[in-house]
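The block underneath contains the structure these notes are about, expressed in C-alpha coordinates.
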Number of protein chains: 2
Amino acid sequence: MSKTKTLPKLHSDFSVDCVIFGFDEGELKILLIERNAEPFDKWKALPGNLVKGDEEIEEAAERVLYELSGLENVYMEQFRTFGGVNRHPQGRVITVAYYAIIQSSSQGLHPVTNYAKDAFWWPAHDLPKLAFDHTEIAEAAIEQLRYKLKHEPIGFELLPKEFTFSQLHHLYEVILERPIDKRNFKKKIMSFKILTDLKKKQTGVPHRAPWLYTWNHNKYEALKKKGFVFEI
Amino acid sequence: MSKTKTLPKLHSDFSVDCVIFGFDEGELKILLIERNAEPFDKWKALPGNLVKGDEEIEEAAERVLYELSGLENVYMEQFRTFGGVNRHPQGRVITVAYYAIIQSSSQGLHPVTNYAKDAFWWPAHDLPKLAFDHTEIAEAAIEQLRYKLKHEPIGFELLPKEFTFSQLHHLYEVILERPIDKRNFKKKIMSFKILTDLKKKQTGVPHRAPWLYTWNHNKYEALKKKGFVFEI
DNA sequence: GCAAAAGTGTTAACTTTACACCCATGT
DNA sequence: ACATGGGTGTAAAGTTAACACTTTTGC
(Lines give C-alpha, C1' and ligand atoms only; values in the text may rest on other atoms or scores of the structure.)
Protein backbone atom coordinates (compact mmCIF):
# COMPACT_ATOMS: atom_id res chain seq x y z
CA MET A 1 0.00 0.00 0.00
CA SER A 2 1.40 3.37 -0.88
CA LYS A 3 1.81 6.06 1.68
CA THR A 4 -0.78 8.34 0.14
CA LYS A 5 -3.48 5.69 0.34
CA THR A 6 -3.22 5.54 4.12
CA LEU A 7 -3.99 9.20 4.58
CA PRO A 8 -7.20 9.84 6.46
CA LYS A 9 -10.15 11.26 4.60
CA LEU A 10 -10.97 14.81 5.57
CA HIS A 11 -14.30 16.48 5.27
CA SER A 12 -15.79 19.91 5.82
CA ASP A 13 -19.26 21.18 6.43
CA PHE A 14 -19.11 24.89 6.00
CA SER A 15 -21.41 27.58 4.85
CA VAL A 16 -21.56 30.90 3.07
CA ASP A 17 -23.55 33.84 4.34
CA CYS A 18 -24.40 36.81 2.18
CA VAL A 19 -24.92 40.37 3.28
CA ILE A 20 -26.90 41.74 0.35
CA PHE A 21 -27.05 45.51 0.22
CA GLY A 22 -29.67 47.56 -1.53
CA PHE A 23 -30.41 51.25 -1.48
CA ASP A 24 -34.00 52.34 -1.52
CA GLU A 25 -36.24 55.03 -0.10
CA GLY A 26 -33.09 56.96 0.58
CA GLU A 27 -31.54 54.41 2.88
CA LEU A 28 -29.19 51.49 2.94
CA LYS A 29 -30.91 48.15 3.37
CA ILE A 30 -29.93 44.57 3.94
CA LEU A 31 -31.84 41.56 2.67
CA LEU A 32 -32.88 39.27 5.51
CA ILE A 33 -34.85 36.05 5.64
CA GLU A 34 -36.93 34.47 8.31
CA ARG A 35 -35.69 30.96 8.97
CA ASN A 36 -38.21 28.14 8.88
CA ALA A 37 -36.06 25.30 10.08
CA GLU A 38 -33.99 24.45 13.08
CA PRO A 39 -31.68 25.69 14.37
CA PHE A 40 -32.93 29.21 15.06
CA ASP A 41 -36.34 28.42 13.57
CA LYS A 42 -38.38 31.62 13.04
CA TRP A 43 -35.39 33.84 13.67
CA LYS A 44 -34.35 36.52 11.25
CA ALA A 45 -31.06 35.73 9.58
CA LEU A 46 -28.73 36.51 6.74
CA PRO A 47 -29.34 34.41 3.66
CA GLY A 48 -26.83 31.60 3.56
CA ASN A 49 -26.39 27.91 3.03
CA LEU A 50 -24.07 25.00 3.40
CA VAL A 51 -21.56 24.72 0.59
CA LYS A 52 -21.93 21.53 -1.42
CA GLY A 53 -19.07 19.09 -1.57
CA ASP A 54 -18.23 19.77 -5.19
CA GLU A 55 -19.04 23.46 -5.21
CA GLU A 56 -16.63 26.37 -5.21
CA ILE A 57 -17.23 28.77 -2.33
CA GLU A 58 -17.96 31.70 -4.58
CA GLU A 59 -20.37 29.59 -6.60
CA ALA A 60 -22.27 28.82 -3.43
CA ALA A 61 -22.52 32.49 -2.57
CA GLU A 62 -23.76 33.24 -6.06
CA ARG A 63 -26.30 30.45 -5.75
CA VAL A 64 -27.67 31.85 -2.50
CA LEU A 65 -28.03 35.26 -4.08
CA TYR A 66 -29.63 33.87 -7.22
CA GLU A 67 -32.18 31.80 -5.37
CA LEU A 68 -33.27 34.82 -3.40
CA SER A 69 -33.17 37.50 -6.03
CA GLY A 70 -32.94 35.95 -9.46
CA LEU A 71 -29.85 38.08 -9.97
CA GLU A 72 -26.55 37.05 -11.47
CA ASN A 73 -23.34 38.88 -12.34
CA VAL A 74 -23.64 41.10 -9.38
CA TYR A 75 -20.88 42.85 -7.46
CA MET A 76 -19.92 40.38 -4.77
CA GLU A 77 -16.88 40.00 -2.61
CA GLN A 78 -15.66 37.67 0.08
CA PHE A 79 -14.77 39.72 3.13
CA ARG A 80 -14.14 37.52 6.13
CA THR A 81 -14.52 34.02 7.52
CA PHE A 82 -16.25 33.53 10.84
CA GLY A 83 -15.53 30.41 12.78
CA GLY A 84 -16.26 30.84 16.46
CA VAL A 85 -16.19 27.42 18.09
CA ASN A 86 -19.75 27.66 19.30
CA ARG A 87 -21.30 29.71 16.57
CA HIS A 88 -23.34 26.78 15.25
CA PRO A 89 -25.31 24.40 17.45
CA GLN A 90 -24.81 21.42 15.15
CA GLY A 91 -21.06 21.41 15.42
CA ARG A 92 -18.09 23.25 14.10
CA VAL A 93 -19.37 25.03 11.05
CA ILE A 94 -17.33 27.93 9.83
CA THR A 95 -18.88 30.36 7.43
CA VAL A 96 -17.35 32.38 4.67
CA ALA A 97 -19.05 35.76 4.49
CA TYR A 98 -19.69 37.68 1.28
CA TYR A 99 -21.30 40.99 0.65
CA ALA A 100 -23.18 41.78 -2.51
CA ILE A 101 -24.45 45.05 -3.88
CA ILE A 102 -27.57 45.14 -5.98
CA GLN A 103 -29.57 47.78 -7.80
CA SER A 104 -32.97 49.13 -6.97
CA SER A 105 -33.82 47.10 -4.00
CA SER A 106 -37.60 47.25 -3.73
CA GLN A 107 -38.33 46.20 -7.27
CA GLY A 108 -36.61 43.58 -9.24
CA LEU A 109 -36.36 40.67 -6.87
CA HIS A 110 -37.43 37.51 -8.62
CA PRO A 111 -36.90 34.78 -6.11
CA VAL A 112 -36.37 31.36 -7.55
CA THR A 113 -37.02 29.23 -4.50
CA ASN A 114 -39.87 28.89 -2.17
CA TYR A 115 -38.05 29.71 1.00
CA ALA A 116 -37.04 33.02 -0.51
CA LYS A 117 -40.61 34.25 -0.40
CA ASP A 118 -39.96 35.31 3.13
CA ALA A 119 -37.06 37.55 2.24
CA PHE A 120 -37.41 41.22 3.10
CA TRP A 121 -35.38 44.39 3.17
CA TRP A 122 -34.37 45.83 6.48
CA PRO A 123 -32.70 49.19 7.22
CA ALA A 124 -29.02 48.62 7.78
CA HIS A 125 -28.77 51.11 10.61
CA ASP A 126 -31.34 49.35 12.74
CA LEU A 127 -30.83 45.62 12.47
CA PRO A 128 -32.90 43.24 14.58
CA LYS A 129 -31.43 40.39 16.59
CA LEU A 130 -30.21 37.79 14.11
CA ALA A 131 -29.59 34.06 14.22
CA PHE A 132 -26.14 32.59 14.85
CA ASP A 133 -23.46 35.31 14.80
CA HIS A 134 -25.16 37.09 11.93
CA THR A 135 -25.38 40.41 13.71
CA GLU A 136 -21.61 40.48 13.96
CA ILE A 137 -21.30 39.47 10.31
CA ALA A 138 -23.72 42.12 9.10
CA GLU A 139 -21.99 44.83 11.08
CA ALA A 140 -18.62 43.85 9.72
CA ALA A 141 -20.08 44.00 6.22
CA ILE A 142 -21.44 47.49 6.73
CA GLU A 143 -18.06 48.67 7.88
CA GLN A 144 -16.52 47.03 4.86
CA LEU A 145 -19.04 48.66 2.54
CA ARG A 146 -18.26 52.11 3.93
CA TYR A 147 -14.62 51.51 3.42
CA LYS A 148 -15.10 50.30 -0.15
CA LEU A 149 -17.38 53.17 -1.00
CA LYS A 150 -14.53 55.57 -0.34
CA HIS A 151 -11.92 53.63 -2.26
CA GLU A 152 -13.74 52.01 -5.18
CA PRO A 153 -16.59 53.14 -7.37
CA ILE A 154 -19.18 50.78 -5.96
CA GLY A 155 -21.79 53.41 -5.17
CA PHE A 156 -23.09 53.11 -8.71
CA GLU A 157 -23.92 49.44 -8.17
CA LEU A 158 -26.55 50.47 -5.66
CA LEU A 159 -28.32 52.88 -8.01
CA PRO A 160 -30.54 52.21 -11.00
CA LYS A 161 -28.76 52.15 -14.36
CA GLU A 162 -29.85 55.72 -15.04
CA PHE A 163 -29.49 58.00 -12.07
CA THR A 164 -29.26 61.65 -11.20
CA PHE A 165 -26.44 63.41 -9.48
CA SER A 166 -28.51 64.04 -6.40
CA GLN A 167 -29.20 60.37 -6.00
CA LEU A 168 -25.50 59.63 -6.02
CA HIS A 169 -24.80 62.49 -3.68
CA HIS A 170 -27.45 61.37 -1.23
CA LEU A 171 -26.22 57.82 -1.31
CA TYR A 172 -22.76 58.91 -0.24
CA GLU A 173 -24.08 61.16 2.48
CA VAL A 174 -26.35 58.48 3.87
CA ILE A 175 -23.89 55.60 3.86
CA LEU A 176 -20.88 57.58 5.03
CA GLU A 177 -23.05 59.39 7.56
CA ARG A 178 -21.63 62.83 6.93
CA PRO A 179 -22.59 65.88 4.86
CA ILE A 180 -20.71 66.22 1.59
CA ASP A 181 -20.51 69.50 -0.30
CA LYS A 182 -22.63 69.17 -3.43
CA ARG A 183 -20.45 71.22 -5.74
CA ASN A 184 -17.16 69.79 -4.66
CA PHE A 185 -18.55 66.29 -4.88
CA LYS A 186 -19.72 66.87 -8.42
CA LYS A 187 -16.38 68.33 -9.47
CA LYS A 188 -14.57 65.34 -8.08
CA ILE A 189 -16.80 62.69 -9.61
CA MET A 190 -16.77 64.49 -12.95
CA SER A 191 -13.01 64.75 -12.93
CA PHE A 192 -12.82 60.95 -12.92
CA LYS A 193 -14.59 60.80 -16.27
CA ILE A 194 -16.34 57.56 -15.46
CA LEU A 195 -19.90 58.80 -15.95
CA THR A 196 -21.71 59.10 -19.24
CA ASP A 197 -24.05 62.04 -19.57
CA LEU A 198 -27.21 60.56 -21.09
CA LYS A 199 -28.27 63.96 -22.40
CA LYS A 200 -31.79 63.43 -21.20
CA LYS A 201 -33.71 64.52 -18.16
CA GLN A 202 -35.74 62.74 -15.56
CA THR A 203 -39.46 63.37 -16.10
CA GLY A 204 -42.46 63.64 -13.85
CA VAL A 205 -40.81 65.47 -10.99
CA PRO A 206 -42.48 68.52 -9.45
CA HIS A 207 -39.40 70.68 -9.80
CA ARG A 208 -36.59 71.36 -12.21
CA ALA A 209 -35.84 68.11 -14.03
CA PRO A 210 -32.37 66.73 -13.30
CA TRP A 211 -30.05 65.25 -15.92
CA LEU A 212 -29.54 61.52 -16.05
CA TYR A 213 -26.21 59.77 -15.98
CA THR A 214 -25.01 56.23 -16.27
CA TRP A 215 -21.87 54.67 -14.96
CA ASN A 216 -19.30 53.73 -17.54
CA HIS A 217 -17.82 50.56 -16.14
CA ASN A 218 -15.54 49.91 -19.13
CA LYS A 219 -14.01 53.32 -18.90
CA TYR A 220 -13.24 52.77 -15.24
CA GLU A 221 -11.56 49.44 -15.98
CA ALA A 222 -9.47 51.10 -18.67
CA LEU A 223 -8.41 53.90 -16.32
CA LYS A 224 -7.66 51.47 -13.53
CA LYS A 225 -5.24 49.61 -15.75
CA LYS A 226 -3.39 52.87 -16.28
CA GLY A 227 -3.01 53.32 -12.52
CA PHE A 228 -6.05 55.46 -11.76
CA VAL A 229 -7.28 55.14 -8.19
CA PHE A 230 -10.82 56.09 -7.22
CA GLU A 231 -10.95 57.99 -3.93
CA ILE A 232 -13.71 60.01 -2.31
CA MET B 1 -37.76 13.55 20.68
CA SER B 2 -37.45 17.26 20.18
CA LYS B 3 -36.86 18.72 16.76
CA THR B 4 -33.40 19.95 17.61
CA LYS B 5 -32.19 16.50 18.61
CA THR B 6 -32.82 15.13 15.15
CA LEU B 7 -30.50 17.58 13.49
CA PRO B 8 -27.53 15.96 11.82
CA LYS B 9 -24.12 16.47 13.31
CA LEU B 10 -21.90 18.66 11.22
CA HIS B 11 -18.16 18.63 11.18
CA SER B 12 -15.33 20.57 9.59
CA ASP B 13 -11.75 19.80 8.85
CA PHE B 14 -10.15 23.05 7.90
CA SER B 15 -6.79 24.65 8.18
CA VAL B 16 -5.02 27.93 8.63
CA ASP B 17 -2.04 28.97 6.55
CA CYS B 18 0.25 31.78 7.54
CA VAL B 19 2.22 34.05 5.29
CA ILE B 20 4.86 35.35 7.66
CA PHE B 21 6.71 38.40 6.41
CA GLY B 22 10.11 39.53 7.51
CA PHE B 23 12.45 42.19 6.16
CA ASP B 24 16.12 41.45 6.13
CA GLU B 25 19.20 42.12 4.04
CA GLY B 26 17.20 44.84 2.40
CA GLU B 27 14.47 42.64 1.06
CA LEU B 28 11.05 41.30 1.88
CA LYS B 29 11.04 37.65 2.87
CA ILE B 30 8.50 34.97 3.58
CA LEU B 31 8.96 32.12 6.03
CA LEU B 32 8.60 28.74 4.34
CA ILE B 33 8.88 25.20 5.57
CA GLU B 34 9.78 21.99 3.87
CA ARG B 35 7.06 19.44 4.44
CA ASN B 36 8.05 16.05 5.77
CA ALA B 37 4.75 14.25 5.49
CA GLU B 38 2.24 13.39 2.83
CA PRO B 39 0.62 14.95 0.97
CA PHE B 40 3.25 17.03 -0.82
CA ASP B 41 6.06 15.39 1.15
CA LYS B 42 9.36 17.28 0.67
CA TRP B 43 7.65 20.22 -1.02
CA LYS B 44 8.16 23.75 0.15
CA ALA B 45 5.01 25.18 1.70
CA LEU B 46 3.56 27.93 3.84
CA PRO B 47 3.41 27.07 7.51
CA GLY B 48 -0.06 25.95 8.41
CA ASN B 49 -2.05 23.33 10.20
CA LEU B 50 -5.47 21.87 10.71
CA VAL B 51 -7.57 23.80 13.19
CA LYS B 52 -8.50 21.77 16.25
CA GLY B 53 -12.13 21.13 17.02
CA ASP B 54 -12.24 23.39 20.03
CA GLU B 55 -9.85 26.03 18.80
CA GLU B 56 -10.68 29.50 17.50
CA ILE B 57 -9.33 30.13 14.01
CA GLU B 58 -7.16 33.01 15.09
CA GLU B 59 -5.78 30.94 17.96
CA ALA B 60 -4.74 28.29 15.47
CA ALA B 61 -2.94 30.87 13.34
CA GLU B 62 -1.17 32.19 16.43
CA ARG B 63 -0.20 28.67 17.40
CA VAL B 64 1.35 28.00 13.99
CA LEU B 65 3.34 31.19 14.24
CA TYR B 66 4.42 30.49 17.81
CA GLU B 67 5.61 26.98 17.08
CA LEU B 68 7.75 28.22 14.25
CA SER B 69 9.11 31.42 15.68
CA GLY B 70 8.51 31.50 19.40
CA LEU B 71 6.79 34.82 18.81
CA GLU B 72 3.53 36.03 20.28
CA ASN B 73 1.58 39.28 20.13
CA VAL B 74 2.57 39.88 16.58
CA TYR B 75 0.73 41.85 13.92
CA MET B 76 -1.49 39.27 12.26
CA GLU B 77 -4.56 39.54 10.13
CA GLN B 78 -6.94 37.19 8.39
CA PHE B 79 -7.08 38.16 4.74
CA ARG B 80 -8.92 35.54 2.70
CA THR B 81 -10.27 32.00 2.73
CA PHE B 82 -9.25 29.62 -0.01
CA GLY B 83 -11.46 26.68 -0.73
CA GLY B 84 -10.96 25.35 -4.24
CA VAL B 85 -12.71 22.00 -4.50
CA ASN B 86 -9.54 20.14 -5.39
CA ARG B 87 -7.00 22.13 -3.47
CA HIS B 88 -6.39 19.31 -1.00
CA PRO B 89 -5.89 15.66 -1.98
CA GLN B 90 -7.47 14.31 1.19
CA GLY B 91 -10.84 15.90 0.63
CA ARG B 92 -12.55 19.21 0.92
CA VAL B 93 -10.32 21.20 3.20
CA ILE B 94 -10.71 24.92 3.07
CA THR B 95 -8.03 27.10 4.54
CA VAL B 96 -8.23 30.45 6.22
CA ALA B 97 -5.18 32.50 5.31
CA TYR B 98 -3.46 34.96 7.63
CA TYR B 99 -0.49 37.16 7.16
CA ALA B 100 1.84 38.12 9.96
CA ILE B 101 4.57 40.70 10.13
CA ILE B 102 7.59 40.15 12.33
CA GLN B 103 10.71 42.08 13.19
CA SER B 104 14.27 41.35 12.22
CA SER B 105 13.85 38.21 10.32
CA SER B 106 17.25 36.54 10.36
CA GLN B 107 17.74 36.63 14.11
CA GLY B 108 15.23 36.01 16.73
CA LEU B 109 13.45 32.88 15.60
CA HIS B 110 13.14 30.49 18.48
CA PRO B 111 11.22 27.58 17.11
CA VAL B 112 9.33 25.55 19.64
CA THR B 113 8.66 22.40 17.68
CA ASN B 114 10.83 19.98 15.90
CA TYR B 115 9.28 20.30 12.50
CA ALA B 116 10.02 24.00 12.57
CA LYS B 117 13.72 23.34 12.33
CA ASP B 118 13.31 23.20 8.62
CA ALA B 119 11.82 26.67 8.37
CA PHE B 120 13.72 29.17 6.27
CA TRP B 121 13.33 32.66 4.84
CA TRP B 122 12.78 33.07 1.15
CA PRO B 123 12.75 36.27 -0.91
CA ALA B 124 9.17 37.26 -1.56
CA HIS B 125 9.81 38.36 -5.11
CA ASP B 126 11.11 34.99 -6.22
CA LEU B 127 9.01 32.29 -4.63
CA PRO B 128 9.57 28.64 -5.52
CA LYS B 129 6.80 26.23 -6.46
CA LEU B 130 4.78 25.60 -3.32
CA ALA B 131 2.52 22.79 -2.11
CA PHE B 132 -1.27 22.93 -2.47
CA ASP B 133 -2.41 26.37 -3.67
CA HIS B 134 0.16 28.09 -1.49
CA THR B 135 1.69 30.03 -4.34
CA GLU B 136 -1.64 31.72 -4.95
CA ILE B 137 -2.06 32.37 -1.23
CA ALA B 138 1.40 33.87 -0.86
CA GLU B 139 0.92 36.13 -3.85
CA ALA B 140 -2.41 37.36 -2.54
CA ALA B 141 -0.73 38.10 0.79
CA ILE B 142 2.02 40.15 -0.86
CA GLU B 143 -0.57 42.21 -2.66
CA GLN B 144 -2.41 42.69 0.61
CA LEU B 145 0.79 43.72 2.37
CA ARG B 146 1.53 46.36 -0.26
CA TYR B 147 -1.94 47.72 0.11
CA LYS B 148 -1.71 47.83 3.90
CA LEU B 149 1.69 49.44 3.82
CA LYS B 150 0.17 52.42 2.06
CA HIS B 151 -2.84 52.75 4.34
CA GLU B 152 -1.68 51.70 7.79
CA PRO B 153 1.58 52.15 9.64
CA ILE B 154 2.68 48.53 9.46
CA GLY B 155 6.11 49.20 7.98
CA PHE B 156 7.45 49.67 11.48
CA GLU B 157 6.49 46.13 12.43
CA LEU B 158 9.06 44.84 9.96
CA LEU B 159 11.93 46.86 11.39
CA PRO B 160 13.89 46.42 14.61
CA LYS B 161 12.61 48.44 17.57
CA GLU B 162 15.22 51.10 16.95
CA PHE B 163 15.66 52.01 13.34
CA THR B 164 17.02 54.75 11.15
CA PHE B 165 15.14 56.82 8.66
CA SER B 166 16.98 55.27 5.76
CA GLN B 167 15.90 51.81 6.82
CA LEU B 168 12.29 52.90 6.78
CA HIS B 169 12.72 54.66 3.49
CA HIS B 170 14.34 51.65 1.88
CA LEU B 171 11.65 49.35 3.18
CA TYR B 172 8.98 51.40 1.46
CA GLU B 173 10.90 51.63 -1.76
CA VAL B 174 11.59 47.91 -1.85
CA ILE B 175 8.12 46.68 -0.99
CA LEU B 176 6.22 49.20 -3.07
CA GLU B 177 8.73 48.75 -5.89
CA ARG B 178 9.08 52.42 -6.72
CA PRO B 179 11.47 55.22 -5.85
CA ILE B 180 10.26 57.57 -3.15
CA ASP B 181 11.73 61.01 -2.65
CA LYS B 182 13.77 60.96 0.55
CA ARG B 183 12.98 64.49 1.70
CA ASN B 184 9.29 64.39 0.95
CA PHE B 185 9.00 61.02 2.61
CA LYS B 186 10.65 62.29 5.75
CA LYS B 187 8.43 65.36 5.87
CA LYS B 188 5.33 63.22 5.55
CA ILE B 189 6.29 60.65 8.16
CA MET B 190 7.39 63.36 10.56
CA SER B 191 4.15 65.26 10.11
CA PHE B 192 2.28 62.25 11.49
CA LYS B 193 4.12 62.57 14.81
CA ILE B 194 4.13 58.85 15.45
CA LEU B 195 7.89 58.44 15.75
CA THR B 196 9.95 59.09 18.84
CA ASP B 197 13.39 60.53 18.27
CA LEU B 198 15.66 58.47 20.51
CA LYS B 199 18.29 61.24 20.52
CA LYS B 200 21.05 58.77 19.92
CA LYS B 201 22.96 57.64 16.90
CA GLN B 202 23.69 54.32 15.37
CA THR B 203 27.32 53.36 15.97
CA GLY B 204 29.88 51.39 14.05
CA VAL B 205 28.93 52.51 10.58
CA PRO B 206 31.65 53.61 8.13
CA HIS B 207 29.93 56.89 7.33
CA ARG B 208 27.98 59.63 9.03
CA ALA B 209 26.03 58.05 11.89
CA PRO B 210 22.26 58.25 11.47
CA TRP B 211 19.81 59.08 14.23
CA LEU B 212 17.67 56.32 15.70
CA TYR B 213 13.91 56.39 15.99
CA THR B 214 11.30 54.17 17.47
CA TRP B 215 7.67 53.82 16.55
CA ASN B 216 5.21 55.19 19.05
CA HIS B 217 2.35 52.75 18.80
CA ASN B 218 0.31 54.36 21.58
CA LYS B 219 0.47 57.76 19.97
CA TYR B 220 -0.81 56.29 16.73
CA GLU B 221 -3.73 54.63 18.49
CA ALA B 222 -4.59 57.91 20.17
CA LEU B 223 -4.49 59.80 16.88
CA LYS B 224 -6.51 57.11 15.13
CA LYS B 225 -9.28 57.54 17.65
CA LYS B 226 -9.42 61.21 16.76
CA GLY B 227 -9.90 60.34 13.10
CA PHE B 228 -6.32 60.42 11.88
CA VAL B 229 -5.69 58.28 8.81
CA PHE B 230 -2.24 57.08 7.89
CA GLU B 231 -1.55 57.33 4.15
CA ILE B 232 1.66 57.13 2.15
C1' DG C 1 41.43 63.13 1.91
C1' DC C 2 38.13 60.16 0.11
C1' DA C 3 34.21 57.08 -0.03
C1' DA C 4 29.70 56.33 1.72
C1' DA C 5 25.48 57.51 3.29
C1' DA C 6 22.94 61.23 6.22
C1' DG C 7 20.74 65.24 6.49
C1' DT C 8 18.36 69.41 5.11
C1' DG C 9 14.49 73.83 2.44
C1' DT C 10 12.24 76.22 -1.08
C1' DT C 11 9.25 76.91 -4.83
C1' DA C 12 5.73 75.81 -8.20
C1' DA C 13 1.88 72.91 -9.34
C1' DC C 14 -1.92 70.94 -7.89
C1' DT C 15 -5.84 69.70 -4.90
C1' DT C 16 -9.13 70.61 -1.59
C1' DT C 17 -12.28 73.37 0.84
C1' DA C 18 -15.60 76.88 1.80
C1' DC C 19 -19.25 79.24 0.33
C1' DA C 20 -24.56 81.52 -1.99
C1' DC C 21 -27.40 82.46 -5.55
C1' DC C 22 -30.29 81.75 -9.73
C1' DC C 23 -32.96 78.25 -12.57
C1' DA C 24 -36.50 75.04 -14.29
C1' DT C 25 -40.55 72.60 -13.50
C1' DG C 26 -45.24 71.21 -11.63
C1' DT C 27 -49.06 72.61 -9.10
C1' DA D 1 -46.57 82.96 -8.29
C1' DC D 2 -44.71 79.83 -5.30
C1' DA D 3 -42.56 75.67 -3.61
C1' DT D 4 -39.18 72.31 -4.56
C1' DG D 5 -35.00 70.62 -5.57
C1' DG D 6 -31.30 71.31 -9.58
C1' DG D 7 -27.52 73.42 -11.08
C1' DT D 8 -23.33 76.32 -11.19
C1' DG D 9 -17.85 79.17 -10.11
C1' DT D 10 -14.24 81.34 -7.62
C1' DA D 11 -10.75 82.34 -4.35
C1' DA D 12 -7.99 81.01 -0.32
C1' DA D 13 -5.76 77.34 2.10
C1' DG D 14 -3.43 73.33 2.16
C1' DT D 15 -0.84 69.55 0.16
C1' DT D 16 2.23 67.34 -2.87
C1' DA D 17 6.12 67.12 -6.01
C1' DA D 18 10.42 68.34 -7.86
C1' DC D 19 14.87 69.22 -7.05
C1' DA D 20 21.01 69.40 -5.22
C1' DC D 21 24.22 70.36 -2.14
C1' DT D 22 26.68 70.08 2.46
C1' DT D 23 27.83 67.21 6.57
C1' DT D 24 29.65 63.49 9.27
C1' DT D 25 32.12 59.42 9.96
C1' DG D 26 35.50 55.52 9.31
C1' DC D 27 39.14 53.99 6.84
Side-chain angles (χ1 to χ4, degrees), chain A residues 23 25-27 149-151 153 155 159-160 162-174 176 178-214 223 226-232, chain B residues 23 25-27 149-151 155 159-160 162-174 176-214 223 226-232:
Chain A
F23 189 79
E25 296 165 334
E27 53 176 5
L149 199 65
K150 287 186 247 178
H151 301 284
L159 293 175
E162 307 193 340
F163 56 86
T164 70
F165 232 95
S166 297
Q167 286 179 292
L168 187 65
H169 179 232
H170 272 126
L171 184 146
Y172 270 84
E173 287 199 327
V174 168
L176 298 183
R178 61 176 161 92
I180 295 171
D181 183 275
K182 189 167 59 154
R183 282 179 285 189
N184 293 339
F185 180 75
K186 182 158 187 181
K187 260 178 288 176
K188 185 172 244 171
I189 296 284
M190 283 315 199
S191 74
F192 296 155
K193 308 242 165 78
I194 52 175
L195 292 192
T196 304
D197 182 345
L198 291 171
K199 307 252 157 85
K200 64 182 182 181
K201 293 181 175 178
Q202 201 175 53
T203 55
V205 283
H207 52 74
R208 179 174 181 173
W211 294 102
L212 289 167
Y213 297 86
T214 193
L223 285 169
K226 289 187 203 154
F228 165 72
V229 178
F230 180 94
E231 289 287 323
I232 295 294
Chain B
F23 190 79
E25 296 166 333
E27 54 177 4
L149 199 64
K150 287 187 248 181
H151 301 284
L159 293 175
E162 309 193 338
F163 56 86
T164 70
F165 231 95
S166 298
Q167 286 179 293
L168 188 65
H169 179 233
H170 273 126
L171 185 147
Y172 271 83
E173 287 199 327
V174 167
L176 299 183
E177 296 180 321
R178 61 178 161 91
I180 295 171
D181 183 274
K182 189 167 57 154
R183 281 178 286 190
N184 292 339
F185 180 76
K186 182 158 187 182
K187 260 179 287 177
K188 185 171 245 173
I189 296 284
M190 282 316 199
S191 75
F192 296 155
K193 308 243 166 76
I194 52 175
L195 292 192
T196 304
D197 183 345
L198 291 171
K199 305 253 158 84
K200 64 181 183 183
K201 293 183 174 176
Q202 202 176 51
T203 54
V205 283
H207 53 75
R208 180 173 180 173
W211 294 101
L212 289 166
Y213 297 87
T214 194
L223 284 168
K226 289 187 203 155
F228 165 72
V229 178
F230 180 95
E231 289 286 324
I232 295 293

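A note on names: the letters A, B, ... follow the listed sequences, proteins ahead of strands, and every chain is numbered from 1.
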Expressed as a whole number of angstroms, how long is the span from [X]:[atom1] to [N]:[atom2]?
{"X": "A:Lys182", "N": "C:dT17", "atom1": "NZ", "atom2": "P", "value": "18 Å"}
{"X": "B:Trp211", "N": "C:dG7", "atom1": "CH2", "atom2": "P", "value": "9 Å"}
{"X": "A:Arg178", "N": "C:dA18", "atom1": "CZ", "atom2": "P", "value": "11 Å"}
{"X": "B:Asp181", "N": "D:dA20", "atom1": "CG", "atom2": "P", "value": "11 Å"}
{"X": "A:Gln202", "N": "D:dT4", "atom1": "CD", "atom2": "P", "value": "18 Å"}
{"X": "A:Lys188", "N": "C:dC14", "atom1": "NZ", "atom2": "C1'", "value": "13 Å"}
{"X": "B:Met190", "N": "C:dT8", "atom1": "CE", "atom2": "P", "value": "8 Å"}
{"X": "B:Arg208", "N": "D:dC27", "atom1": "CZ", "atom2": "P", "value": "18 Å"}

Would you say [X] reaches [N]'s phosphate, i.e. side-chain N/O to OP1/OP2 under 4.0 Å?
{"X": "B:Ser166", "N": "C:dA6", "value": "yes"}
{"X": "A:Lys186", "N": "D:dT8", "value": "yes"}
{"X": "B:Lys201", "N": "D:dT25", "value": "yes"}

Open item on the list: Quick check: closest heavy atoms across A:Tyr213 and A:Asp197, and the distance to 0.1 Å?
Closed with: CD2-CA, 3.8 Å
pair [X]-[Y]: side-chain heavy atoms closer than 4.5 Å:
{"X": "B:Leu212", "Y": "B:Thr164", "result": "yes"}
{"X": "B:Leu171", "Y": "B:Phe163", "result": "no"}
{"X": "B:Ile189", "Y": "B:Leu195", "result": "yes"}

Open item on the list: Does A:His169, at its NE2 atom, have more than 12 non-hydrogen atoms belonging to other residues, nucleotides or ligands within less than 6.0 Å?
Closed with: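 Yes, NE2 of A:His169 has more than 12 neighbouring heavy atoms, counting only those of other groups under 6.0 Å.
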TODO: Let me know, please, whether B:Arg183 or B:His170 comes out on the 5' side of the other along DNA chain C by nearest nucleotide.
DONE: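 Here B:His170 is the residue nearer the 5' end.
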Open item on the list: Can you work out whether A:Asn184 or B:Ala209 has the more 5'-proximal nearest nucleotide on DNA chain C?
Closed with: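 It is B:Ala209 whose nearest nucleotide is closer to the 5' end.
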- [ ] Could you tell me whether the side chain of A:Lys187 has a donor or acceptor atom within less than 3.5 Å of a complementary atom in the base of C:dT15?
- [x]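 Not at all, since no donor on one side and acceptor on the other fall under 3.5 Å apart.
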